[in-house]
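Just below is one structure, and these are the notes that go with it.
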Amino acid sequence: MQVLKFGGSSVANATRISRVLDIVEQKAREDRVIVICSAISGCTDQLIAMGQVEGERRESLLAPLKQQHYDIVTRLFTGVERNAVKAELDILFEELLTVPGDECQTYGELISTRIIARKLACEGLSTLWIDSRSVVIKDNEARTYSKIASAVGSHREVRVFVAPGFIAGDGYGHVTNLGRGGSDYSAAIFANCLNASEVTIWKDVDGLLNADPKRFPQTVKIPHISYPEAIELAFYGATVIHPKTMKPLQNKNIALHVRSFIHPENEPTVIDGRPDSGPSVPSYIVKDRQTLVSFSPRDYSFMNEHNLKTIFAACDSLRIHANMIQTSALMLSLCIDSDENRLSALIDCLREQFSIKYNEGLQLFTVRHRAGEQPSEIETEFMKGKKVIVKQGSRSTLQFVLKTV
Ligand code: ASP
Ligand code: MG
């Protein structure tokens with residue numbers, strides 16, 4: 001069994017979906033497959049916006065999204081099939097007008113996977129759509145395992161299973177999700193539960209690159225990396241793979257391939273249990289929208305363990321994650337994702353004991369495996385016009401909190 005995961009850009013329009021279908025059909029000739037799919041690109045953002053309003057305002061935000069999906073259906077299907085798929089989607093569009101706001105964002109994957117499952121069935125493949133809301137139970141591995149195993153195990157005749165990524169159940173009958181970009185994680189969960197032979201994440205780039213090609217002029221593909229190295233890169237903000245994806249795969253030693261759906265003939269990046277071979281190329285990772293918050297005890301005591309505990313307990317309870325941490329005798333600085341509400345809650349919580357300062361609109365720039373002491377040309381170029389607010393380093397990783405001047 002193989003798991004194929006397609007992201008939002010691979011299902012963005014009918015032409016791309018046709019490519020996806022070709023890949024699935026070809027793989028299904030060799031093996032049974034599970035297809036995990038994201039919502040079409042941009043859809044989840046639009047659904048989140050819809051969830052913030054109600055009634056007519058929600059209806060008017062739905063209109064363009066509806067049209068976008070209808071256009072895909074019109075291109076992919078004809079005759080009675082077309083009407084049947086439209087009718088199926090209409091039920092979901094109708095639900096979207098009345099569901100609680102936070103559930104809206106779970107519909108993108110429901111819609112995209114219905115279209116894909118229907119089309120595969122039309123092509124004559126024995127296909128079954130699986131409802132991830134009832135089989136992926138968030139934070140409950142044991143229940144997820146038995147539910148996925150029985151949903152798939154009871155259908156020996158099926159060649160292709162199609163399941164929405166990102167969405168899950170909370171175990172109490174409510175719908176939830178695995179966090180933004182979580183479809184990769186869904187694929188890993190399915191693979192783990194079914195002891196898949198491998199997982200392929202199909203992207204619009206050629207594999208895992210050493211930097212984001214939208215930001216850096218020259219990038220190179222990393223042919224192979226270990227699970228821990230992939231976790232490091234994802235953790236610092238490489239958005240190619242969701243950071244939680246590796247653990248379920250590593251636990252079962254399942255290889256992850258990252259490859260291009262535009263050029264499937266090209267070699268993928270392979271992420272697996274083999275150790276990293278020698279010094280690899282440097283990787284450059286940028287995280288935008290960062291805030292640096294600094295805490296100093298008001299009583300001029302040292303930044304000791306007690307103070308650290310108080311600050312981190314507040315972060316933990318507000319679910320604030322520190323992307324970079326630096327301490328000195330009298331100060332702790334945390335680089336966090338910008339979020340006004342969470343930041344003001346954190347300040348309210350700690351202002352009595354600490355004097356707190358913050359600096360917004362920053363970038364966190366991580367260089368992993370820099371070759372030598374001197375900054376590379378790429379690094380120098382990127383830092384032009386930027387001021388270093390914090391710098392921190394180890395043998396393998398250098399981090400800079402930057403402000404554009
Ligand atoms: N559609 C979800 C998102 O945009 C999940 C995913 O694409 O992986 O975050
Ligand atoms: Mg993604």
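Worth saying up front: this structure is predicted, and the values here are computed from it rather than measured. Atoms within a ligand are numbered from 1 in the order they appear, just like the ligands themselves.
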Among all protein heavy atoms, pick out the one at the shortest distance from [atom]; state its residue, atom name and that distance to 0.1 Å.
{"atom": "atom 6 (C) of ligand 1", "answer": "Ser183 OG, 3.4 Å"}
{"atom": "atom 7 (O) of ligand 1", "answer": "Ser38 OG, 3.1 Å"}
{"atom": "atom 4 (O) of ligand 1", "answer": "Arg180 NH2, 2.9 Å"}

Report task. Please indicate whether any nitrogen or oxygen in Gly181 is less than 3.5 Å from any nitrogen or oxygen in ligand 1. Result -> yes
State, without any angle test, whether [X] and [Y] hold a side-chain donor-acceptor pair at a distance under 3.5 Å.
{"X": "Asp204", "Y": "Ser9", "result": "yes"}
{"X": "Glu267", "Y": "His257", "result": "no"}
{"X": "Ser296", "Y": "Ser355", "result": "no"}
{"X": "Asp90", "Y": "Tyr70", "result": "yes"}

Query raised in the report: For atom 5 (C) of ligand 1, which candidate among His242, Glu109, Lys5 holds the nearest heavy atom?
Result: Glu109
Requested in this report: Would you check whether Gly165 reaches within less than 4.0 Å of ligand 1, judged by its heavy atoms?
Outcome: no
Query raised in the report: Among Leu292, Leu334, Asp337, whose side chain to side chain contact (heavy atoms under 4.5 Å, CB included) with Asn323 holds?
Result: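 Among Leu292, Leu334, Asp337, the one meeting side chain to side chain contact (heavy atoms under 4.5 Å, CB included) with Asn323 is Asp337.
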